[in-house]
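Letters A, B, ... are given to chains in the order of the sequence lines, protein chains preceding strands, and every chain is numbered from 1. Reckoned from all heavy atoms, side chains included, excluding hydrogens, waters and symmetry mates.
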Amino acid sequence: MDKTYHPTEIEEKWAKIWSERKLTNENSNESFSQVIPPPNVTGTLHMGHSFQYAIMDFYTRYNHMSGKDAHWQVGSDHAGIATQMVVENNLLKDGISRSDLGREEFLKEVWSWKNFSEEKITSQIKRLGSTIDWEKYRFTLDDSFNEAVIKAFVELYRKKKIYRGYRLVNWDPSLKTAVSDLEVIRQEKDGFIWHIKYPIENSKEFITVATTRPETMFGDMAIAVNPNDTRYKDIIGKKVLLPFVERKLPIIGDDYVDIEFGTGCLKITPGHDFNDYEIGKKYSLHEVDGEIKISNQSSDFKPINIFNDDAWSNDNVPEPFNNLDRFKVRKLVLEKLKELNLLIKEEKHHISVPRGERSNIVIEPKLSYQWYVKTSEMASKANEAVNNGEISFHPENWIKTYFNWMNNIEDWCISRQIWWGHRIPAWFDNDKNVYVGYDEDEVRQFYNLDNRKLSQDEDVLDTWFSSSLWPFASMGWPNNTPDYDKHFPTSLLVTGFDIIFFWVARMMMMSLEFTDNIPFKDVYVTGLIRDENGQKMSKSKGNVIDPLDLVYGISIDDLVKKRTANLMQEGQAEKIERKTRKQFPNGIESYGTDALRMTFFSLATHSKDISFEFSRLKGYRNFCTKIWNAARFINGFPEGNKVFDPKNDNDIWINEEFVKSANKIKRHVEDYRLDFAINEVYEFFWSKFCDVYLEECKKSGKTNNLRPMLQKILIMMHPFAPFITEEIHSLLFDAQIIE
RNA sequence: AGACCCGUAGCUCAGUUUUGGUUAGAGCGCUGCAUUGACAUUGCAGAGGUCGAUGGUUCGAGUCCAUUCGGGUCUACCA
């Protein structure tokens, strides 16, 4: 054995061996299985990924060593919007836009990016020593996965659990696509509320509405007051003249209006506000010759849309307000209202602005046709599985978060107006009739169509729609494969709390729908890795650490280069460089994968936010050194017994301690408390085995049992620190722990 | 508006439900001594906590209950 422990050389050797190896406990009837939360092919892996993969690999190895047939299904996610954005940004650097290329050419670009990113990601996962059968690698947009997605869509449609609807959606004007409720981030900020006078028809009276979005007034279709509001009782039924447009709007009385709020008087803009839409629908508002009419025919309802796809005002908006960005419209409207003395008050008001999760642009509610999944029935089935204990969360507390959302779940908008994704299997004829099916032939057959021309829906599906099928589709569903038979439902899901709604809940719904089975039994919910100051790691903050830089170390210049490359905003680089040089004056040292891995386990507490500390990492690197040196020391003694054979008090004592610790560790592992488990490992090896037993053996010279005891310990420690234990084991015992 | 989480040693955090129980734990840091004879170090010894605050239940509260202060997250809504 080398005098010093050189982790990276050893690790590279074993990582390669393991990436080509398949675990074979195929004869075991007991399955342990889990699926990787497929990483997005948007770039490279970060600390959060390696944290979770360490845990997943731990359980794979642990269960394999317990004799089970352990399967860890690996793959990656096409991540529709996110990946498309990355590729579009890259092209933009060369002055090329998506539309310059056209759909087909653009998709070629995305596929080549996918290959590039996938290569990086898989080599990272391999380097961490993950125990994976790479032949079973899947991608959420490969052909057979598409088969599963199409089947899911068509079946849901034919069971009337998917429908197409024309209604308001969260529209991202920068990406020009609809997004789901979950992809909208609310940002609280200080804004204004404006009080605006609208003249009442045939009178000198005015009515004052309060609004935070004056620019949408061109889409106003009614004024609403509370019928119990004595101030306005008499004007219900009268009409107002919408300034600039001269459209006649009815004044309606509805309980929805809060008497206390604002002026107690609300403008109704059904084309641009979700609540107004509901009211507009209730009264079937529609325009006839410049006047808004009320009816009880719901089919009459026709909201007025005043924006284009990019949220610039359209032709429904008069001069000089049309063909402007919505914020310019707002500014101009306020100016002109002021000139007309119709703007009577500007009040500070706390508002929450909806922003796109990816684009960060302000979301504009927009009327459009979109596809939706009906969720309520599926959700209650999923809830049942949690309530009757079929699925359990660890820590349990996350159940509350889960139910909080599931009990108020809305229908899920699954269509996206982008190019990268699973194309929606729906076809239109020239009369805009819609037909859903597996392919065009099947559609014609199913609907008994003549040879009319059909064209496929241009839209693609929300990435999370395909991800929701991952636990069974990645194992071969809808085909019956040996993996699906043996390893589904899976035993464990390791994932972050941030995607409980996006992913965990939806997998539960889809799995129960299509397989009549839960997708997983235990959900191990991890916290989010933050930097030492508790800040979320992000490119723009410049505090990201690449896990492989902890393994190999990195010079300060390279680290600065890495952190300041490809920044979205100008001028950040200098600040990031200063902070980085201050925190890591000499760069980052090499710590090795085992040290990193054990650090992750020690951080796997029940806490939501996990501060990544270098001092802890250093501590576990010292622990690895300790293991190495203990082994080297033992290796210097004569071989002694093949099998542990206690002959003195010291032997008996360490064996008892070993059994005690092993039992504790087993319990902690089964309770999903790897932080406790790794503490026990550390404490046993260092304080008991080294400080007491080894010292005693040194003194007494009774060293016959050192090797067999070390071997037992190495095997026990292997899932915690696979590289070093495997290396020592093969050096000293000429055999691998996992063959 | 509702829900949830956090506040314990200088720092980062365990411990709080099922099971309230003698001197409240860990790692790192700190102090002192020893050490290059397995240890890119290690060993031994040690200091350091009114467990956010107040009140209650109890023989006994970090742990249970109520109130409160500070920090954070999520969901819904906000004309």
To the nearest Å, how far apart are [X] [atom1] and [N] [atom2]?
{"X": "A:I185", "N": "B:U73", "atom1": "CD1", "atom2": "P", "answer": "12 Å"}
{"X": "A:E188", "N": "B:U75", "atom1": "CD", "atom2": "P", "answer": "12 Å"}
{"X": "A:F502", "N": "B:U75", "atom1": "CZ", "atom2": "C1'", "answer": "13 Å"}
{"X": "A:N404", "N": "B:C4", "atom1": "CG", "atom2": "C1'", "answer": "8 Å"}
{"X": "A:E532", "N": "B:G27", "atom1": "CD", "atom2": "C1'", "answer": "13 Å"}
{"X": "A:H350", "N": "B:C77", "atom1": "NE2", "atom2": "P", "answer": "16 Å"}
{"X": "A:E680", "N": "B:G27", "atom1": "CD", "atom2": "C1'", "answer": "15 Å"}
{"X": "A:K688", "N": "B:A26", "atom1": "NZ", "atom2": "C1'", "answer": "14 Å"}

What contact category does [X] fall into here, base, sugar-phosphate, or nothing, at under 4.0 angstrom with non-hydrogen atoms?
{"X": "A:F501", "answer": "sugar-phosphate"}
{"X": "A:F403", "answer": "nothing"}
{"X": "A:L694", "answer": "base"}
{"X": "A:F676", "answer": "sugar-phosphate"}
{"X": "A:R673", "answer": "sugar-phosphate"}
{"X": "A:D258", "answer": "base"}
{"X": "A:R616", "answer": "base"}
{"X": "A:N622", "answer": "sugar-phosphate"}
{"X": "A:W686", "answer": "sugar-phosphate"}

So, does [X] get its side chain near the phosphate of [N], meaning an N or O under 4.0 Å from OP1 or OP2?
{"X": "A:T4", "N": "B:A40", "result": "no"}
{"X": "A:K3", "N": "B:U36", "result": "no"}
{"X": "A:W398", "N": "B:C4", "result": "no"}
{"X": "A:S602", "N": "B:G27", "result": "no"}
{"X": "A:K626", "N": "B:A38", "result": "no"}
{"X": "A:N397", "N": "B:U17", "result": "no"}

Can you check the distance between [N] and [M], where both ends of the measurement are the [atom1] atom (answer in whole Å)?
{"N": "B:U57", "M": "B:A66", "atom1": "P", "result": "15 Å"}
{"N": "B:G10", "M": "B:G29", "atom1": "C1'", "result": "7 Å"}
{"N": "B:G25", "M": "B:U36", "atom1": "C1'", "result": "33 Å"}
{"N": "B:G46", "M": "B:G27", "atom1": "P", "result": "15 Å"}
{"N": "B:U23", "M": "B:G62", "atom1": "C1'", "result": "16 Å"}
{"N": "B:U17", "M": "B:U75", "atom1": "P", "result": "30 Å"}
{"N": "B:C51", "M": "B:G7", "atom1": "C1'", "result": "10 Å"}
{"N": "B:G60", "M": "B:G15", "atom1": "P", "result": "27 Å"}

Which residue, A:H349 or A:R530, contacts RNA chain B at a nucleotide closer to its 5' end, judged by nearest heavy atom? A:R530
Both A:Y5 and A:K400 contact RNA chain B. Taking the nearest nucleotide for each, which residue is further toward the 5' end? A:K400
Base paired to [N] (Watson-Crick or G-U; both N/O distances under 3.5 angstrom):
{"N": "B:G49", "answer": "none"}
{"N": "B:U19", "answer": "none"}
{"N": "B:C64", "answer": "B:G56"}
{"N": "B:U75", "answer": "B:A1"}
{"N": "B:G37", "answer": "none"}
{"N": "B:C11", "answer": "B:G27"}

For the side chain of [X], counting heavy atoms from C-beta on, which of [options] is nearest?
{"X": "A:D675", "options": "B:U12, B:A14, B:A38", "result": "B:A14"}
{"X": "A:S607", "options": "B:A14, B:C77, B:A38", "result": "B:A14"}
{"X": "A:D691", "options": "B:U75, B:A38, B:G43", "result": "B:G43"}
{"X": "A:N629", "options": "B:A40, B:U12, B:C77", "result": "B:A40"}

Does A:R326 come within less than 4.0 Å of A:E364, counting only side-chain N to carboxylate O? yes
With a 6.0 Å cut-off on the ring centroids, do [X] and [Y] count as close?
{"X": "A:W412", "Y": "A:Y372", "result": "no"}
{"X": "A:Y524", "Y": "A:H606", "result": "no"}
{"X": "A:Y682", "Y": "A:Y620", "result": "yes"}
{"X": "A:F244", "Y": "A:F321", "result": "yes"}

Look at the aromatic rings of A:F58 and A:F601 and report parallel, tilted or perpendicular, splitting at 30° and 60°. perpendicular
Decide side-chain contact (heavy atoms from CB on, under 4.5 Å) for A:L528 and A:D498; before the verdict, give the C-alpha distance in whole Å, the side-chain angles of both, and the deciding distance to 0.1 Å. CA-CA 8 Å; A:L528 254 38; A:D498 52 329; 3.8 Å; yes
Any donor-acceptor pair under 3.5 Å joining the side chain of A:E695 to the base of B:A38? yes
Does the A:D254 side chain pair with the main chain of A:Y256, one donor and one acceptor, at a distance under 3.5 Å? yes
Do A:I588 and A:L550 make a side-chain contact, defined as non-hydrogen atoms from C-beta onward lying under 4.5 Å apart? yes
